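Basis for what follows: all heavy atoms, side chains included, without hydrogens, waters or symmetry-related copies. Fair warning: this is a prediction, and the values are worked out from it, not measured in the lab.
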Amino acid sequence: MPEISRRAFGGLVGGGAATALAGTAAAEAAEGTRAAAERPFRARPADRGHRRPNVLFILADDLGWADLSAYGAPHIRTPHLDRLAAQGVRFTNGYAGSATCSPTRFSLYTGRFPGRTPGGLAEPIGNRTQGLDPNHPTLASLLRKAGYDTALIGKWHCGFLPDYSPTRSGWDEFFGNFGGALEYFSKLGQLGEYDLYEGDAAYRDLRYYTTVLTERAVEYVGRDHDRPWLLNLNFTTPHWPWLTEDDEEAGAEIAARIRGGGQVLPALLHQDGGSVEKYREMVESLDAAVGEVLAALRRSGQERDTVVVFASDNGGERFSYQWPLSGEKSQLLEGGIRVPTILRWPARIDARQVSHEPVYTPDWTATLLELGGARPDPAYPLDGHSLAGYLLRGEDLPERDLFWRVRGNRALRRGDFKYYRDATGRDHLFDLAEDVREQADLAAARPELLAELKGAWEAVAKGLLPYPGA
């Protein structure tokens, strides 16, 4: 770009862009301050006699990699999640198990690639015929077998009644929605029906959904538990439709379109609504909700012995702040799968640390099973690798590939190198250490490495189920 004056630049692009530049500069300054306060992750020497931890796994919905101020957002303030990161470990190379909602949830609940099971082939689940087989072992069923109480509060999106439900897959309690999206007040979901349930029975509450879920989570963590517990807390925020607690009237208009017999998905997609400002409000309301739950955990006296993991189910879209990544939700470019990932466990892990090791959703399944003293079912081998040795004993992470497959895209990361095939069928090779934005394609310069990573991807893919109609 040629050199021009600040005044000329403002005249060319407008005050909004100048404000964005100022925000970016502020974010960069904050990034430098945070980096100075963080230190590279190092495992703490083992403490003796620690109890098996509770597990609070908080999943945001369509939250982009840089949508938290702790990850560089120039215009979003997330003090509670920033504090959570400061109290534990912030991962800069945290990944979702897939690029859309359902497959990532399959990878978390099963610890396996979504393509291992028929339900995981839906990207995402959109009807009653698809779902997580109740006979498949899950994080919840295996921890429950090991003596844990288990609950899921919020978005399930792994199948609908009557055949699929968290209570059929290892969770003792369920309070939330079955589908992938819902109008935040009426609770009308993607099948055009009311979608808020307690167990398998409809539960009527027409207040803002994030508020309702937060209250339930606060109640759960505040109970007098006599056994360790697992709580999967799955917010729908900041997934469309773009509504905050002040937008009940806009929500009513969306609900009226659904009830009026129009197409449900276009109404929920809310293409005629939303803005960067509205998105900011939604993310900040998510942060406040997480803050309430963490405060309840602290009041309960269980904070020290509770592992808290915060992540997103995939990258952001439309109004999300992804810089410097390319791509978004549904794609296997970094913006579609790299997500904010935070871990806190005061009893075993020191504060103010940062880890640059690549980790992704199925790794957390393996990790939490090991921490909870639960064994995977040998008939359903895990694809994730436990991080417990790295986090608690200072061991190096095993050399392994991170693998993704979605319709139209494929990707595999080995060390700093990433093999990626786009929707046109063209293969690419990127060095993420030098080019996190994935703009410098090394495919022609490094053909042998490209062939090696492509072959590794295809070897894994041979063991997965084919897509219907493929």
Peer 1: Determine, step by step, whether Gln190 and His157 satisfy the side-chain contact (heavy atoms from CB on, under 4.5 Å) criterion, reporting the C-alpha distance in whole Å, the side-chain angles of both residues, the deciding distance to 0.1 Å, and the verdict.
Peer 2: CA-CA 10 Å; Gln190 69 183 88; His157 207 187; 3.7 Å; yes

Peer 1: Can a salt bridge be assigned to the pair Arg318 and Glu328 using a cut-off of 4.0 Å between side-chain N and carboxylate O?
Peer 2: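 Looking at Glu328 together with Arg318, the answer is no, because their closest N to O distance does not fall below 4.0 Å.
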
Peer 1: Answer yes when Arg223 and Glu219 have at least one side-chain N-carboxylate O distance shorter than 4.0 Å, and no when they do not.
Peer 2: yes

Peer 1: Given side chains that start at C-beta, do those of Trp65 and Tyr321 come closer than 4.5 Å, heavy atoms only?
Peer 2: no

Peer 1: Please state whether the rings of Tyr184 and Tyr209 are parallel, tilted or perpendicular, taking 30° and 60° as the class boundaries.
Peer 2: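 Geometry flag for Tyr209 against Tyr184: perpendicular rings.
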
Peer 1: Indicate the ring-plane relationship of Tyr197 and Phe178, choosing parallel, tilted or perpendicular according to the 30° and 60° boundaries.
Peer 2: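 Tyr197 and Phe178: perpendicular rings.
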
Peer 1: May I ask you to decide whether Asp195 forms a salt bridge with Lys187, counting only side-chain N to carboxylate O separations under 4.0 Å?
Peer 2: no

Peer 1: Testing Thr110, Leu230, Val55, Thr150 for side-chain contact (heavy atoms from CB on, under 4.5 Å) with Leu139, which one passes?
Peer 2: Leu230

Peer 1: I'd like to know if the side chain of Thr78 and the backbone of Ser69 have a donor-acceptor N/O pair within less than 3.5 Å.
Peer 2: yes

Peer 1: With no hydrogens and no angle check, is any side-chain donor or acceptor of Ser312 less than 3.5 Å from a backbone partner on Leu63?
Peer 2: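 Yes, the answer is positive, given that a donor and an acceptor are paired below the 3.5 Å cut-off.
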
Peer 1: Under a 4.0 Å N-O cut-off, is there an ion pair linking Asp305 with Arg348?
Peer 2: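 Salt bridge: no.
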
Peer 1: So, are Glu245 and Arg207 salt-bridged, with charged N and O less than 4.0 Å apart?
Peer 2: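 Judged by the 4.0 Å cut-off on N to carboxylate O distance, Glu245 and Arg207 do not form a salt bridge.
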
Peer 1: Whether Arg90 and Glu38 form a salt bridge (side-chain N of Lys/Arg under 4.0 Å from carboxylate O of Asp/Glu) is what I want to check.
Peer 2: yes

Peer 1: Do any N or O atoms from the side chain of Glu183 and from the backbone of Ser186 form a donor-acceptor pair under 3.5 angstrom?
Peer 2: yes

Peer 1: Between Asp287 (side chain only) and His80 (backbone N and O only), is there a donor and an acceptor less than 3.5 Å apart?
Peer 2: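 Yes, the answer is positive, given that a donor and an acceptor are paired below the 3.5 Å cut-off.
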
Peer 1: Keeping the roles fixed (side chain from Glu284, backbone from Arg77), state whether a donor-acceptor pair exists under 3.5 Å.
Peer 2: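 Side chain of Glu284 to backbone of Arg77, a donor-acceptor pair under 3.5 Å: yes, one is there.
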
Peer 1: I'd like to know if the side chain of Gln302 and the backbone of Arg298 have a donor-acceptor N/O pair within less than 3.5 Å.
Peer 2: no

Peer 1: Measure from the ring center of Trp171 to the ring center of Tyr109 and say whether it is less than 6.0 Å.
Peer 2: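 Centroid separation for Trp171 and Tyr109: below 6.0 Å.
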
Peer 1: Apply side-chain contact (heavy atoms from CB on, under 4.5 Å) to Val89 and Ile342, showing your working.
Peer 2: CA-CA 6 Å; Val89 186; Ile342 298 168; over 6 Å; no

Peer 1: Check this for me: does any side-chain nitrogen of one of Arg128 and Glu193 sit under 4.0 Å from a carboxylate oxygen of the other?
Peer 2: yes

Peer 1: Determine, for Tyr467 and Arg405, whether the Lys NZ or Arg CZ falls below 6.0 Å from the six-membered ring centre while staying within 45 degrees of the axis.
Peer 2: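 Pair Arg405/Tyr467 counts as cation-pi.
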
Peer 1: Using side-chain heavy atoms (C-beta onward) and a distance below 4.5 Å, is Val308 in contact with Leu343?
Peer 2: no

Peer 1: Decide if the gap between the ring center of Trp364 and the ring center of Phe91 is smaller than 6.0 angstrom.
Peer 2: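 Aromatic pair counts; centres sit under 6.0 Å.
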
Peer 1: Can you list everything that forms a ring-ring contact (aromatic ring centres under 6.0 Å, His included) with Tyr203? Sequence neighbours excluded, please.
Peer 2: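 Scan of Tyr203 (ring-ring contact (aromatic ring centres under 6.0 Å, His included), adjacent residues dropped) gives Phe175.
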
Peer 1: Got a donor-acceptor contact below 3.5 angstrom from the Asp383 side chain to the Phe113 backbone?
Peer 2: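 Such a contact is found between Asp383 side chain and Phe113 backbone.
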
Peer 1: Looking at the rings of Phe174 and Trp156, which for Trp means the six-membered one, are their centres under 6.0 Å apart?
Peer 2: no

Peer 1: With a 3.5 Å distance limit and no angle check, can you tell me whether Ser326 reaches the backbone of Arg437 through a side-chain donor-acceptor pair?
Peer 2: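 Yes; at least one donor-acceptor contact below 3.5 Å.
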
Peer 1: Please verify the inter-ring angle class for His225 with Trp229; under 30° counts as parallel, over 60° as perpendicular, anything in between as tilted.
Peer 2: tilted

Peer 1: Considering only NZ, NE, NH1 and NH2 on the basic side and carboxylate oxygens on the acidic side, decide whether Asp200 and Arg168 come within less than 4.0 Å.
Peer 2: yes

Peer 1: Regarding Arg407 and Glu123, does a basic nitrogen lie under 4.0 Å from an acidic carboxylate oxygen?
Peer 2: no

Peer 1: In terms of relative ring orientation, are Phe185 and Tyr208 parallel, tilted or perpendicular, with 30° and 60° separating the classes?
Peer 2: tilted

Peer 1: Taking all non-hydrogen atoms of both residues, which atom of Gly274 and which atom of His270 are closest, and how far apart?
Peer 2: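 What the structure gives for the nearest pair is N-CE1, 4.3 Å.
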
Peer 1: To the nearest 0.5 Å, what is the distance between CG (Leu108) and CG (Asn232)?
Peer 2: 6.0 Å

Peer 1: Kindly check if the number of other-residue, nucleotide or ligand heavy atoms within 6.0 Å of CD (Gln439) is above 12?
Peer 2: yes

Peer 1: Which heavy-atom pair separates Pro358 from Leu397 by the least distance, and what is that distance?
Peer 2: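 Closest approach of Pro358 to Leu397: O-CD1, 4.2 Å.
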
Peer 1: Does Asp247 come within less than 4.0 Å of Lys278, counting only side-chain N to carboxylate O?
Peer 2: yes

Peer 1: Is the side chain of Thr138 donor-acceptor paired with the backbone N or O of Ser141 at a distance under 3.5 Å, no angle test?
Peer 2: yes

Peer 1: Do Leu243 and Ile254 pass the side-chain contact (heavy atoms from CB on, under 4.5 Å) test, and can you show the C-alpha distance, the side-chain angles, and the key distance before you say yes or no?
Peer 2: CA-CA 10 Å; Leu243 303 171; Ile254 294 171; 4.3 Å; yes

Peer 1: Can a donor-acceptor pair be found, under 3.5 Å and without considering hydrogens, that links the side chain of Arg410 to the backbone of Trp404?
Peer 2: no

Peer 1: Among pairs that include at least one residue of residues 250-262, which meet side-chain hydrogen bond (donor to acceptor under 3.5 Å, both in side chains), considering only residues two or more places apart or in two chains?
Peer 2: none

Peer 1: Against the six-membered ring of Phe106, is Arg112 placed for a cation-pi contact (under 6.0 Å from the centre, within 45° of the normal)?
Peer 2: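 The answer is no; the distance or angle limit is not met.
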
Peer 1: Any luck finding a side-chain donor-acceptor pair between Thr167 and Ser165 under 3.5 Å?
Peer 2: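 Present: a donor and an acceptor within the cut-off.
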
Peer 1: Judged by modelled atom types alone, do Thr104 and Asn314 share a side-chain donor-acceptor pair under 3.5 Å?
Peer 2: no

Peer 1: Considering all heavy atoms of both residues, which atom of Leu206 and which atom of Tyr194 are nearest to each other, and what is their separation?
Peer 2: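 Shortest heavy-atom contact: CD2-CE1, 4.2 Å.
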
